[in-house]
J.: 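Please find one structure pasted underneath; my questions will follow.
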Amino acid sequence: MQLQQALNTAFNASTQFCSFEQLSSFLDPTIIDEAFAEAGVATVRKRRLPLEAVMWTVVGMSLFRQESVWNIATKMDIALPGKNPLVAPSAMVQARRRLGVDAVKSVFMKMAAQWYLSQPFETWNGLNLLAVDGVVWRTTDTPENREKYGSASTQHGDTSFPQIRMVCHMELTSHQLINSVFDKYKSNEMVLAEQLIDKTPNHSLTLFDKGYYSLGLLNRWHLRGEERHWLIPVKKGLQYEVIRTLGRNDKLVRLVTTAHARKRFDDLPEHIEARLITKQIKGKTCEVLTSMVDAMRFPGNEIVELYRYRWEIELGFREIKQTLLNSEYTFRSKLPEMVEQEIWGLLLAYNLIRSAMTEAASRKGIRPNQLSFSGCSSAVVAFLMTLLLTSPGKLPVLYNSLIDQLGFYELPPRREDRAYPRCIKPKVSRYPHKKKNASQLS
């Protein structure tokens with residue numbers, strides 16, 4: 001009897017080791033341990049669903065969108081053996097509450113920071129290309145979510161599901177997320193963007209949409225680190241004073257700040273200097289402002305062309321919503337804490353796939369955004385589904401084969417001549433259209 005117990009104990013320990021050893025190819029286990037210790041959720045109690053398994057289950061909620069939450073742990077083979085081969089729904093709910101939000105968020109932040117420092121991203125004049133933009137997520141319509149996040153409203157009251165407003169910071173050549181913040185739907189995106197300043201990487205150029213024009217935000221973004229530059233299109237009617245001309249369509253200008261902005265940003269001076277560049281593109285005058293005032297190092301004719309790369313972050317949002325979530329825009333969770341945990345798991349799952357694509361692109365000598373996200377994500381999900389039948393000894397060979405396989409999903413070159421002009425939709429009338437009679441039709 002003692003021998004049988006010893007064999008069972010050894011089997012259980014080896015199964016746990018094999019399961020997490022297989023997943024360690026995508027994420028260093030030390031990051032998970034450090035994040036759990038930082039969040040204060042580490043435990044020594046033996047459970048069938050240890051915290052590592054619960055964390056991977058939260059990630060799997062985005063990878064296996066059609067599976068029930070309690071079946072994902074079985075699908076990924078990360079639950080310890082028990083009497084029942086399946087995980088009970090109540091056990092998964094309790095396990096997610098034990099894990100909490102901070103642990104998953106900490107794993108995402110540590111993973112994003114480590115990968116950003118370790119990857120050789122393509123640069124422009126020594127600067128990594130980044131972008132900041134906002135996106136809106138939809139949650140399950142429960143009283144708790146509606147009270148916490150709110151929704152779009154008109155004079156008739158709330159008109160949609162509870163929604164979350166998020167602002168993301170993305171590396172553009174790889175589409176990897178390096179930071180993210182979110183709050184209730186009616187939050188101001190510029191206020192959310194201020195929370196990204198401290199963790200912005202040095203030697204970088206961040207592209208903003210014109211809606212983020214705030215001299216307090218841009219000034220602080222530039223001064224908080226070393227060579228943290230910004231680039232933003234000019235709003236109509238911008239007031240400025242020309243200091244000197246740097247070229248034919250290149251000027252160094254002085255922008256006057258308002259008393260209200262200086263009161264809100266105590267480090268904002270009465271005026272800041274920026275560079276204004278104008279260029280004609282397809283008969284349209286394009287003007288951009290930037291903190292890159294060194295005309296010798298940063299050619300003006302290239303700066304305007306750089307702004308078109310801001311669209312890469314929109315493509316990243318499309319990859320998450322349409323491919324990873326399978327166009328099912330509503331989160332599964334019904335409580336705000338679980339919704340936020342699910343969001344961080346979604347961003348973590350996206351970065352896991354993107355990191356594998358970055359490695360595959362590096363082997364092939366192309367940029368990661370030249371690979372098909374839909375094809376690569378399907379290959380990664382298929383690989384995870386086969387872990388149940390894979391021995392740890394074969395994992396390095398199979399993972400190496402997966403990376404080589406991702407290289408085959410190379411996209412054709414983008415057509416620069418394609419144009420999709422925006423169409424202005426007619427405003428919907430509150431009154432019904434009057435039907436025409438027979439005499440009017442003739």
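Scope of the values below: all heavy atoms of this structure, side chains included, with no hydrogens, waters or symmetry mates.
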J.: Assess the residue pair Glu227 and Arg297 against the criterion (salt bridge (charged side-chain N to carboxylate O under 4.0 Å, His left out)); give the C-alpha distance rounded to whole Å, side-chain angles, the decisive distance to 0.1 Å, and a yes or no.
T.: CA-CA 13 Å; Glu227 287 197 320; Arg297 179 181 174 185; 2.3 Å; yes
J.: Are the side chains of Thr206 and Trp221 in contact, using a 4.5 Å heavy-atom criterion?
T.: yes
J.: I'd like to check the side-chain hydrogen bond (donor to acceptor under 3.5 Å, both in side chains) partners of Glu122; sequence neighbours left out, ordered by chain and number.
T.: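 Here no residue qualifies.
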J.: Hey, is the main chain of Glu328 close enough, under 3.5 Å, to the side chain of Arg65 for a donor-acceptor pair?
T.: yes
J.: Hey, does the side chain of Ser187 reach the backbone of Lys184 with a donor-acceptor pair shorter than 3.5 angstrom?
T.: yes
J.: Could you go through Arg97 and Glu337, starting from their C-alpha distance and side-chain angles, then the distance that decides it, and tell me whether this counts as salt bridge (charged side-chain N to carboxylate O under 4.0 Å, His left out)?
T.: CA-CA 8 Å; Arg97 288 177 176 172; Glu337 182 181 2; over 6 Å; no
J.: Within 45° of the ring axis of Trp137 and under 6.0 Å from its six-membered ring centre, is that where the NZ or CZ of Lys321 lies?
T.: yes
J.: Between Arg165 and Glu189 (salt bridge meaning N to carboxylate O under 4.0 Å), is one present in this structure?
T.: yes
J.: Determine, stepwise, if the pair Glu194 / Arg220 fulfils salt bridge (charged side-chain N to carboxylate O under 4.0 Å, His left out).
T.: CA-CA 9 Å; Glu194 294 172 17; Arg220 183 171 292 180; 5.2 Å; no
J.: Any heavy-atom pair between the side chains of Phe265 and Ser214 that's under 4.5 Å?
T.: yes
J.: Is a salt bridge present between Glu314 and Arg310, judged by a nitrogen-to-oxygen distance below 4.0 Å?
T.: yes
J.: Decide whether a cation-pi geometry holds between Arg138 and Phe161; the criteria are a distance under 6.0 Å from NZ or CZ to the six-membered ring centre and an angle within 45° of the ring axis.
T.: yes
J.: My understanding is that only residues two or more places apart in sequence, or in another chain, count here; which of them pass side-chain hydrogen bond (donor to acceptor under 3.5 Å, both in side chains) with Glu270?
T.: none
J.: Test your reading of the model: is there a side-chain donor-acceptor pair from Ser291 to the backbone of Trp230, 3.5 Å cut-off?
T.: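 Yes.
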J.: Examine distances only and state if a side-chain atom of Arg244 and a backbone atom of Leu252 form a donor-acceptor pair shorter than 3.5 Å.
T.: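 Such a contact is absent between Arg244 side chain and Leu252 backbone.
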J.: Without swapping roles, check the side chain of Glu342 against the backbone of Arg332 for a donor-acceptor pair under 3.5 Å.
T.: yes
J.: With a 3.5 Å distance limit and no angle check, can you tell me whether His222 reaches the backbone of Arg228 through a side-chain donor-acceptor pair?
T.: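 Pair found, side chain donor or acceptor close to backbone of Arg228.
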J.: With a 4.5 Å heavy-atom cut-off, do Gln163 and Arg146 have their side chains touching?
T.: no
